[in-house]
Amino acid sequence: MKKYISILASALAVLLLVSCSKDTEGLTQVTYYAVIELAGPVYDQAEAGPLCCFRIFRNTSTVDLAGEWMVTIDADGYSDGPFMFITYNSNKNDGQEIWLDDLGNFWGTKVKVSCNVASLTFGSETPAENVDYDPITVKVADGKMTFGGTKTTSGAVADAIEFKLEYSDDPGVVYTAHGYRRTGLQGGEE
């Protein structure tokens with residue numbers, strides 16, 4: 001028993017001696033952080049409001065039309081959704097065209113269409129090449145977005161979107177899409 005007590009006492013003494021290090025004498029527990037200035041495009045904060053979170057980054061020419069949208073599709077008595085669509089700037093960044101993409105959620109739609117940012121409209125006079133579902137084309141018509149123009153499923157105010165789609169592999173059937181921009185708020189697909 002004395003053997004175990006002496007081993008325990010020795011281990012405790014070694015532990016105490018090791019924990020008392022001169023490396024930490026005189027040091028505080030205050031942490032300092034470096035200030036780093038970043039180079040590149042300037043991002044500015046949008047005015048406060050329920051929908052401002054989607055217009056924070058103003059470095060693209062089509063920022064007001066860009067977003068994630070929860071869309072319901074109607075055609076010939078058929079209604080389904082919501083499906084997530086996204087709209088975003090093209091690499092030209094000229095304010096004249098956007099991508100409309102359903103992320104494979106509806107028909108495999110990914111088309112580049114003309115837009116008018118000032119009037120918040122978009123569409124194509126002629127069918128556009130569908131990059132996700134070749135060889136079909138898609139005509140996008142009467143596309144428009146309205147700030148604060150609708151409500152989400154939980155009743156929050158959101159930006160509205162609506163447009164019509166006609167696919168070359170389903171000619172004559174016009175699919176009407178309508179929905180809201182995701183707000184980022186909790187609750188469902190908001």
Side-chain angles (χ1 to χ4, degrees), residues 46 49-57 60-92 94-190:
L51 308 174
C52 71
C53 56
F54 293 100
R55 293 185 290 277
I56 291 174
F57 301 109
T60 69
S61 59
T62 60
V63 67
D64 286 338
L65 289 171
E68 295 179 342
W69 306 89
M70 297 310 296
V71 172
T72 301
I73 308 287
D74 301 321
D76 294 337
Y78 162 86
S79 184
D80 201 6
F83 300 102
M84 180 184 285
F85 275 70
I86 60 174
T87 53
Y88 51 93
N89 197 14
S90 72
N91 61 352
K92 284 185 182 178
D94 62 2
Q96 301 297 310
E97 60 187 15
I98 59 170
W99 284 98
L100 176 66
D101 189 345
D102 73 356
L103 304 170
N105 293 319
F106 176 63
W107 202 290
T109 306
K110 184 174 183 178
V111 293
K112 194 184 304 183
V113 296
S114 300
C115 70
N116 183 322
V117 179
S119 65
L120 299 174
T121 59
F122 60 93
S124 55
E125 292 295 322
T126 59
E129 176 188 357
N130 189 0
V131 220
D132 272 3
Y133 191 5
D134 196 36
I136 71 164
T137 58
V138 182
K139 182 175 180 185
V140 180
D142 302 329
K144 70 177 181 176
M145 196 274 290
T146 308
F147 289 127
T150 192
K151 292 190 177 191
T152 65
T153 53
S154 69
V157 174
D159 297 340
I161 191 169
E162 57 185 87
F163 52 92
K164 295 179 180 172
L165 300 167
E166 185 175 358
Y167 296 89
S168 63
D169 62 342
D170 195 8
V173 178
V174 176
Y175 295 87
T176 303
H178 55 91
Y180 60 89
R181 188 190 317 246
R182 292 187 65 198
T183 63
L185 301 173
Q186 290 182 348
E189 288 293 333
E190 295 184 18

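Put simply, the side chain of R181 gets close to the backbone of A66: a donor and an acceptor are under 3.5 Å apart. Under a 3.5 Å cut-off, the side chain of D170 and the backbone N or O of V173 do not form any donor-acceptor pair. A donor-acceptor contact shorter than 3.5 Å links the side chain of N130 to the backbone of K110. Between the side chain of E166 and the main chain of G172, a donor-acceptor pair closer than 3.5 Å is present.
Of the residues listed (T87, V138, V140), the one engaging V113 in a side-chain contact (heavy atoms from CB on, under 4.5 Å) is V140, and it is the only one. Across N105, I161, D102, a single residue satisfies side-chain contact (heavy atoms from CB on, under 4.5 Å) together with V71, and that is I161.
Salt bridge annotation for E68-R182: present, with a cationic side-chain nitrogen under 4.0 angstrom from a carboxylate oxygen.
Going from atom CG of D132 over to atom CG of L103 covers 8.5 Å, rounded to the nearest 0.5 Å. One distance of note links CG of L65 with CG of D159; it measures 10.0 Å at 0.5 Å rounding. A distance of 11.5 Å separates CD1 in I98 from CG in D64, rounded to the nearest 0.5 Å. Distance check, rounded to the nearest 0.5 Å: CD1 of I86 to CH2 of W69 gives 12.0 Å. To the nearest 0.5 Å, atoms NZ (K92) and OG (S61) are separated by 11.0 Å. The structure places CE of M145 at 12.0 Å from CD of E162, a figure rounded to the nearest 0.5 Å.
Across all their heavy atoms, A158 and T183 have their closest contact at CB-CG2, 3.9 Å. The two residues G95 and C115 come nearest to each other via the heavy atoms O-SG, 3.6 Å. What you find for G179 and T150 is that their closest heavy atoms are O-CG2, 3.9 Å. Closest approach of V174 to A75, counting heavy atoms only: O-CB, 3.5 Å.
A donor atom on one side chain and an acceptor atom on the other are found under 3.5 Å apart for N89 and T62.
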Verdict with supporting geometry, F147 and L120, side chain to side chain contact (heavy atoms under 4.5 Å, CB included): CA-CA 9 Å; F147 289 127; L120 299 174; 3.7 Å; yes
Side chain to side chain contact (heavy atoms under 4.5 Å, CB included) evaluation trace for W99 with V131: CA-CA 10 Å; W99 284 98; V131 220; 3.3 Å; yes
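Note: Y175 and Y78 have perpendicular aromatic rings, judged against thresholds of 30 and 60 degrees for the angle between ring planes.
Here the side chains of Y88 and T60 are not in contact, with every heavy-atom distance at 4.5 Å or above.
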